[in-house]
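Written below as structure tokens is the structure these notes are about.
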Amino acid sequence: MKTDQVLLRGRILSFTAEPKGPEDRTAYRYIEDGAILLGGGLIRATGSYDQLSRQAPAVPVVDHRPHLLMPGFIDTHIHYPQVQVIASWGAQLLDWLNSYTFPEETRFADPAHAEVMAEWLMGQLCAQGTTTAVAYASVHEASVEAFFSAAARRDMRMITGKVMMDRNAPEALRDTPQSGYDASKRLIARWHGKGRAGYAITPRFAITSSPEQLEMAGALVAEHPDCHVQTHLSENRDEIAYTLSLYPEAPDYLGVYERYGLLGPKTLLGHSIHLEPREIDLLAATGAKPVFCPTSNLFLGSGLFDDAGLRARGICNAVATDVGAGTSYSMLQTLNEAYKVLQLQGQKLHPLRAFHWITRGNAVALGLEDRIGTLEPGTEADIVVLDASATEPMALRMARAQTLSEELFVLQMLGDERAVAETYVSGVPQKRGAARVRQPELHPA
Ligand code: GUN
Ligand code: ZN
């Protein structure tokens with residue numbers, strides 16, 4: 001139990017609701033000379049520096065002025081065995097999986113390799129200001145162990161699960177309906193709810209699971225309704241056609257997951273790009289969450305996510321990097337590409353909604369807004385410190401910026417790891433304030 005208190009001073013921004021428009025001042029709290037009192041890994045109070053420094057006079061102050069303090073970013077879809085797949089040339093989804101991704105994921109059969117990559121990723125996420133991620137592990141049980149262990153060492157709130165896949169993948173990456181169920185069950189018992197760990201039941205997608213395996217995944221969901229569920233949906237036209245050929249009785253792609261009881265408010269559906277009207281009705285009815293992965297959707301040429309269309313139906317969209325098809329670990333760069341994807345469709349992503357999305361918005365999508373994504377007292381002390389003048393082009397642009405929204409838009413379009421001055425996880429600095437994690441020893445492919 002961490003009891004040490006510390007007072008962070010800086011400009012404070014946190015959201016209390018989704019901003020309705022580009023100037024919706026009712027949706028956020030901004031304090032020019034603000035402070036956050038941390039203690040025991042939690043946020044104890046958020047307010048003006050003047051007030052909090054008088055309330056807690058003996059507490060050491062870390063002065064982050066003139067930087068902006070916000071809740072840590074949340075990435076709702078990333079593949080941790082793909083950190084050495086990022087930037088692999090030339091293919092769209094199915095060829096990309098077969099040519100690059102599946103061969104790479106076989107390396108996670110080695111627990112030592114998984115440990116090195118998991119440890120590296122935690123350091124990288126902290127460097128990027130991301131304090132929570134929902135990750136796919138590999139099919140190997142030990143890959144989940146490695147990931148949760150690395151997260152626990154930094155006390156990070158992380159969600160992951162063993163990928164279940166029993167067909168249309170290399171032999172070395174296949175489980176069986178029974179072994180996939182048993183391993184998931186063991187991992188849930190060992191990790192779910194332990195410290196800040198959460199388990200996601202993870203059938204990779206309909207193509208790589210037999211009907212028997214999806215049935216077993218549905219049994220897990222019924223037995224563990226407090227776990228998340230993650231899979232992929234309608235990312236690519238060839239993927240959809242292949243899925244429907246494997247499940248000819250299904251009314252559509254989402255109907256496959258519906259049939260096996262995989263849909264509910266805790267279900268995260270990566271991509272969800274090419275949807276039929278019935279599928280959209282089903283998303284609205286079940287509360288399942290589409291996950292927008294802009295850099296990945298552009299990189300693999302998958303298509304344009306219809307954020308406004310889904311939102312108009314009351315559907316809650318999450319946003320994510322999807323590394324290694326995604327091309328950046330940065331949620332800021334993810335917002336940059338999200339802005340452009342929406343521009344191509346005549347939709348707008350204004351900066352207040354953008355920063356709400358990667359903090360409270362993704363927390364709401366995960367059902368975790370009572371713990372992360374805001375700076376409310378009693379929530380977990382995951383905080384990012386942002387410098388909108390971190391690079392020369394940013395500083396030059398900032399010299400002409402007059403409003404908070406302008407500053408946020410500079411961060412959204414030009415920001416990356418360099419704009420993250422510090423990242424606190426459970427109240428502990430993990431970037432400049434911590435010894436940086438060593439780069440892993442690189443082995444030839
Ligand atoms: N569909 C099934 N597996 C994957 C994956 O690893 N990445 C992406 N982008 N789509 C998938
Ligand atoms: Zn994915």
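Given the structure is predicted, the values throughout are model-derived calculations rather than measurements. Along the sequence shown, the residues carry numbers beginning at 1. Counting starts at 1 for both ligands and their atoms, following the listed order.
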Would you mind listing which atoms of ligand 1 come within a distance below 4.0 Å of any non-hydrogen atom of His79? 5 (C), 6 (O), 7 (N)

For Phe205, the ligand 1 atoms whose distance to one of its heavy atoms is below 4.0 Å: 1 (N), 2 (C)

With Arg237, which residues qualify under side-chain contact (heavy atoms from CB on, under 4.5 Å), at least two apart? His274

In a check of side-chain hydrogen bond (donor to acceptor under 3.5 Å, both in side chains) between Gln230 and each of Thr267, Thr76, Thr202, which one passes? Thr202

Polar contacts were defined as any N/O atom of the residue lying under 3.5 Å from an N/O atom of the ligand; does this apply to Asp322 and ligand 1? yes

Using distance alone, determine whether Glu235 and ligand 1 share an N or O pair under 3.5 Å. yes

Below 4.0 Å from ligand 1: does a non-hydrogen atom of His271 turn up there or not? yes

Quick look: Leu97 vs ligand 1, heavy-atom contacts under 4.0 Å, and the answer is side chain

Could you tell me whether ligand 1 has any atom less than 4.0 Å away from a heavy atom of Trp96? yes

Return the orientation label for the His77 and His271 ring planes: parallel under 30°, perpendicular over 60°, tilted otherwise. perpendicular

Within 4.0 Å of some non-hydrogen atom of Leu93, the atoms of ligand 1 are 8 (C), 10 (N), 11 (C)

Look at Cys293 and state whether any of its N, O or S atoms is less than 2.8 Å from the Zn ion (ligand 2). no

Polar proximity ligand 1 side, Gln82 side, N/O cut 3.5 Å exclusive: yes

Can you tell whether the side chains of Arg311 and Glu18 come within less than 4.0 Å, N to carboxylate O? yes

For the Zn ion (ligand 2), which N, O or S atom of Asp322 is at the shortest distance? OD1

Hey, is the Zn ion (ligand 2) within less than 2.8 Å of some N/O/S atom on His79? yes

Going from CZ on Arg186 to CD on Glu145, what distance comes out if it is rounded to the nearest 0.5 angstrom? 10.0 Å

With respect to Arg204, determine whether any N or O atom, backbone or side chain, lies less than 3.5 Å from an N or O atom of ligand 1. yes

Separation of Gln124 CD from Met117 CE (nearest 0.5 Å): 12.5 Å

For Val85, is there any backbone N or O sitting under 3.5 Å from a side-chain donor or acceptor partner on Glu104? no

Residue Ala325 vicinity, atoms of ligand 1 by number, heavy atom under 4.0 Å: 9 (N)

Do you see a donor-acceptor pair shorter than 3.5 Å between the side chains of Tyr30 and Arg11? yes

Side-chain ion pair, Arg167 and Asp175, N-O less than 4.0 Å: no

